[in-house]
There are 4 protein chains.
Amino acid sequence: MSKVSQNESVTRTPGRPRSQEARKAILESTLQLLQKTGFTDLSIEAIAARAGVGKATVYRWWPNKAELVMEAFVTAVEAELRIPTSGSAEKVIREQMKRWTRIFNSPLGKVIATVIGAGQSDPEMLRAFQRQYVEPRRTEARKLLREAMRTGEIRSNLDPDTILDILYGPLYMRLLLRHAELNSELPGLVFDIVMPGLRPVDP
Amino acid sequence: MSKVSQNESVTRTPGRPRSQEARKAILESTLQLLQKTGFTDLSIEAIAARAGVGKATVYRWWPNKAELVMEAFVTAVEAELRIPTSGSAEKVIREQMKRWTRIFNSPLGKVIATVIGAGQSDPEMLRAFQRQYVEPRRTEARKLLREAMRTGEIRSNLDPDTILDILYGPLYMRLLLRHAELNSELPGLVFDIVMPGLRPVDP
Amino acid sequence: MSKVSQNESVTRTPGRPRSQEARKAILESTLQLLQKTGFTDLSIEAIAARAGVGKATVYRWWPNKAELVMEAFVTAVEAELRIPTSGSAEKVIREQMKRWTRIFNSPLGKVIATVIGAGQSDPEMLRAFQRQYVEPRRTEARKLLREAMRTGEIRSNLDPDTILDILYGPLYMRLLLRHAELNSELPGLVFDIVMPGLRPVDP
Amino acid sequence: MSKVSQNESVTRTPGRPRSQEARKAILESTLQLLQKTGFTDLSIEAIAARAGVGKATVYRWWPNKAELVMEAFVTAVEAELRIPTSGSAEKVIREQMKRWTRIFNSPLGKVIATVIGAGQSDPEMLRAFQRQYVEPRRTEARKLLREAMRTGEIRSNLDPDTILDILYGPLYMRLLLRHAELNSELPGLVFDIVMPGLRPVDP
DNA sequence: CAATAATCGAGACGGTACGTCACGTCTTCTT
DNA sequence: AAGAAGACGTGACGTACCGTCTCGATTATTG
């Protein structure tokens, strides 16, 4: 029995290790440039230049612009991914919708819109977006709804995903189509209209 | 009195008139290439080549890729823009949602998603999309809803745009995020959940 | 019978014609950079930049650096390619050797050495060098020697090319190996040593 | 008395000694790649990879590609550098010229041409070539010629270097310009033409 | 019916960014 | 210390499109 760290032996790869400074600088300048130029006009050349990094270093670690933007985006969003509060499903969802309305109106909202937009020409990007952003939140939200169904807070014969799409759809639609303002009152209005349809029919 | 074309003061400009063959060929190849490559990878160079047209001819009539795509899109969508049926608001909207679900699943759906996607990096494009596609339909739909409010079919203290966003939001969300299937049952499910919240409270 | 220029009908190709300004600027900056940096360090990027020309314009007309350098070289050398004087073979060759000694010591000499040097790693370049530079001069020189053989000025059982290699070999050797000075006296020294072996044995 | 290594003051540096396997592998793969790709396309990256060696190991011992190639070249040529036979100057030189004709036609000839070619863009390389290859042989050849002048075998008022350039010039010229074949008969032809000019005038 | 004028195709132009390759240097662990 | 492995910033490669610009040819209206 030795003091060798068990099977967590990290087995360092040989060679010079990846520079964390470079990685961070790249992700940061990606995010900054993304906010001012949009996805299409965003060039790897400019990202590398602003990060003080060789272009090859970018290509060494990210296969294309989409993956790089996704990682930059996820890194920025990470803190926001959790559903923080607890309480009745109704209260939690209401607050969560308000929170995302604020996020959609912040610079991050522009990035989210850009990522979804880019995903329309880049299936890989859209898949990454689903996997890293949509699905984690959906999973938590579905759990919340199922629990609410069990307790009788909402009707139990509904598909959780459909409910979520009805609640969040208006927010995304206004984020992406910009046909109407995405103001702080919208979540409340939406909720008030939708809620009656969710409650059990007979008290 | 001369053979001047009557009073329909067309004031033909001198010089060779615009070639309608070229115009059609350009719009058609734009649409075709758009469906197979997405907006970003769509190049004017390729459009002109496929249309058998000089590049300058494209640039003479459309200022940029976005406008060209918009015109190609609107030309293709034109027939679908009207709300055809009449009857109770409930019935009309229900059918209209089903109809758009079908369109979203057709090749045209891909084009719509592409146009919205491109709009995220190109404000001009998004504005053209709103003006030429969203607004005409909204206007008709708003009228329909206001009439239904007047007759007491739905509650009168609601914002028509919010209602429309709740109904169509899930469709657009699935079109753009592709996180779940956009099948023919969705409109019914959405409608059944939302409708109770729209009806007048006390019978 | 019309005044149509016969079959010399130039049949212009369609499209914008090649820019002669660009062509000249490229050849000139090639020559200038070649003299200061050598072949290896000569970059198409730098040539294009100095010529105020797009890189693609260079690549449109020359497949690689070697061909470009060859054309620049030949353009510069063109005026020197003729054997100008006439008289006895002995006198003509003697003067020609002196002339090339001067050329080898001029900036053009550096270019010639560079071209031959580059040819060692680039067979295509060497072939172009032979075709465009060596062979034209050889042809004239061979003719001169054959005439001198006919008149009995030099022995008739010798291979003209061998004679030329003996006479010019020392010049090229010093140009390329730089092991000894290539001064103005060398041609005379070489000529005096070689000449006895060229004259008919018995008068 | 200590375990100090005796008086054979080799003063070994501390640390791991240089790997002779690595050195040989590098020189060998340099030579092999040189024969198949030419100097320009020869990359340190490829040499190191083929030798199974880290790039830094190459750079630790050779400052640049030119020096590395020179050492590889000299190592290969070393055995050929001596003038082996003795006898009359005429006979020795005649045989030496034949010998180099054979060498020039062997794979080594390609390497020599490559080295001279590379030297045209790399003064350092040319200097190394002179120092390590040209000069040693010249020194011996000059001595031979001066002895022949002393014995009256050849005229004494000639510059040995000029003579050598006349004799070897044609060989180098054909090696480098490839305008004519460098066959085994050439040395004899050259020698027969040049020799009369070397012999004393009056018998 | 010629002159004028705008459009057409073709394709060259000066640019910008692409994604790749090798450079020569560096940082890690191993020998 | 020297080794291999391999990441680093740098810079040129050759390519693809950008949007603009000449060309000659074509097709209309105007004098």
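In this text the structure is predicted, and so the values were computed from the model without any measurement. A, B, ... follow the sequence lines: proteins, then strands. Residue 1 opens every chain.
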Asker: Rounded to the Å, how far apart are B/R60 CZ and E/dT7 P?
Answerer: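 One finds 5 Å between P of E/dT7 and CZ of B/R60, rounded.
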
Asker: Can you confirm whether D/F129 sits close enough to D/M70 that some side-chain heavy atom of one is under 4.5 Å from a side-chain heavy atom of the other?
Answerer: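 D/F129 vs D/M70: side chains touch.
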
Asker: Go through F/dC18, E/dC8, E/dC18 for me and flag the one nearest to the A/Y59 side chain.
Answerer: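 Between F/dC18, E/dC8, E/dC18, the one nearest the side chain of A/Y59 would be E/dC18.
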
Asker: Are any of B/W61's side-chain N or O atoms less than 4.0 Å away from OP1 or OP2 of E/dC8?
Answerer: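 Yes, such a contact exists.
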
Asker: What is the distance from NZ of A/K65 to C1' of E/dA17, rounded to the nearest Å?
Answerer: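 So the NZ-C1' distance, A/K65 to E/dA17, works out to 10 Å.
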
Asker: In whole angstroms, how far is the P atom of E/dC8 from the CZ atom of B/R23?
Answerer: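 Rounded to whole Å, this separation is 12 Å.
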
Asker: State whether D/W61 and D/R23 meet the cation-pi test: NZ (Lys) or CZ (Arg) under 6.0 Å from the six-membered ring centroid, and within 45° of the perpendicular axis.
Answerer: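 No, D/R23 does not lie over the aromatic ring of D/W61.
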
Asker: When you get a sec, tell me which of F/dC18, E/dC26, E/dA5 is the closest nucleotide to the side chain of A/R16?
Answerer: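 The nucleotide sitting nearest to the side chain is E/dC26.
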
Asker: Taking atom C1' of F/dA5 as reference, at what distance in whole Å does atom CD1 of D/I47 sit?
Answerer: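 Rounding to the nearest Å, CD1 of D/I47 and C1' of F/dA5 are 18 Å apart.
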
Asker: Give the rounded distance in Å between these two atoms: CH2 of A/W62 and C1' of E/dG19.
Answerer: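 The distance from CH2 of A/W62 to C1' of E/dG19 comes to 16 Å, rounded to the nearest Å.
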
Asker: If you check the B/K55 side chain, which of F/dG6, F/dG3, F/dT20 turns out closest?
Answerer: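 Closest nucleotide to the B/K55 side chain: F/dT20.
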
Asker: Let me spell it out: for each of A/A51 and B/L42, pick the nucleotide of DNA chain F with the closest heavy atom. Which residue's pick is nearer the 5' end?
Answerer: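 The residue closer to the strand's 5' end, by nearest nucleotide, is A/A51.
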
Asker: Quick check: on DNA chain E, is the nucleotide nearest C/G54 upstream (toward 5') of the one nearest C/P14, or the reverse? Name the residue that is more 5'.
Answerer: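 Its nearest nucleotide being more 5', the pick is C/P14.
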
Asker: Quick one: B/L33 CG to F/dC17 P, roughly how many Å, whole number?
Answerer: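 To the nearest whole Å, that distance equals 11 Å.
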
Asker: Can you tell me which nucleotide in E/dC13, F/dA4, E/dC23 comes closest to the side chain of D/A22?
Answerer: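 Closest nucleotide to the D/A22 side chain: F/dA4.
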
Asker: How many whole angstroms separate atom CG of B/N64 from atom P of F/dC17?
Answerer: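 Going from CG in B/N64 over to P in F/dC17 covers 18 Å.
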
Asker: Has the side chain of B/K65 got a donor or acceptor atom that lies under 3.5 Å from a matching backbone atom of B/I44?
Answerer: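 No.
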
Asker: So if I take every side-chain heavy atom of A/A56 and compare against F/dG3, E/dC21, F/dA12, which nucleotide ends up nearest?
Answerer: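 Closest of the options to the side chain of A/A56: E/dC21.
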
Asker: May I have the distance from C/E45 (atom CD) to E/dG15 (atom P), rounded to whole angstrom?
Answerer: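 Taking atom P of E/dG15 as the reference, CD of C/E45 is at 13 Å.
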
Asker: First locate atom CD of D/E71, then atom OG1 of D/T75, and finally report the distance between them rounded to the nearest 0.5 Å.
Answerer: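 Here the rounded value is 5.0 Å.
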
Asker: Quick check for you: among E/dG15, F/dA5, E/dG14, whose closest atom lies nearest to any side-chain atom of C/T57?
Answerer: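 Output: E/dG14.
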
Asker: I'd like to check B/F39 versus A/T40 (side-chain heavy atoms, cut-off strictly below 4.5 Å). Are they in contact?
Answerer: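 Counting from C-beta outward, B/F39 and A/T40 never come under 4.5 Å.
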
Asker: Assuming nearest nucleotide by heavy-atom distance, tell me which of A/D41 and D/A46 is located more 5' along DNA chain E.
Answerer: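 Nearer the 5' end of the strand: A/D41.
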
Asker: Taking for each residue the nucleotide of DNA chain F with the nearest heavy atom, is it A/S19 or B/P63 whose nucleotide lies nearer the 5' end?
Answerer: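 Its nearest nucleotide lies further toward 5', so the answer is A/S19.
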
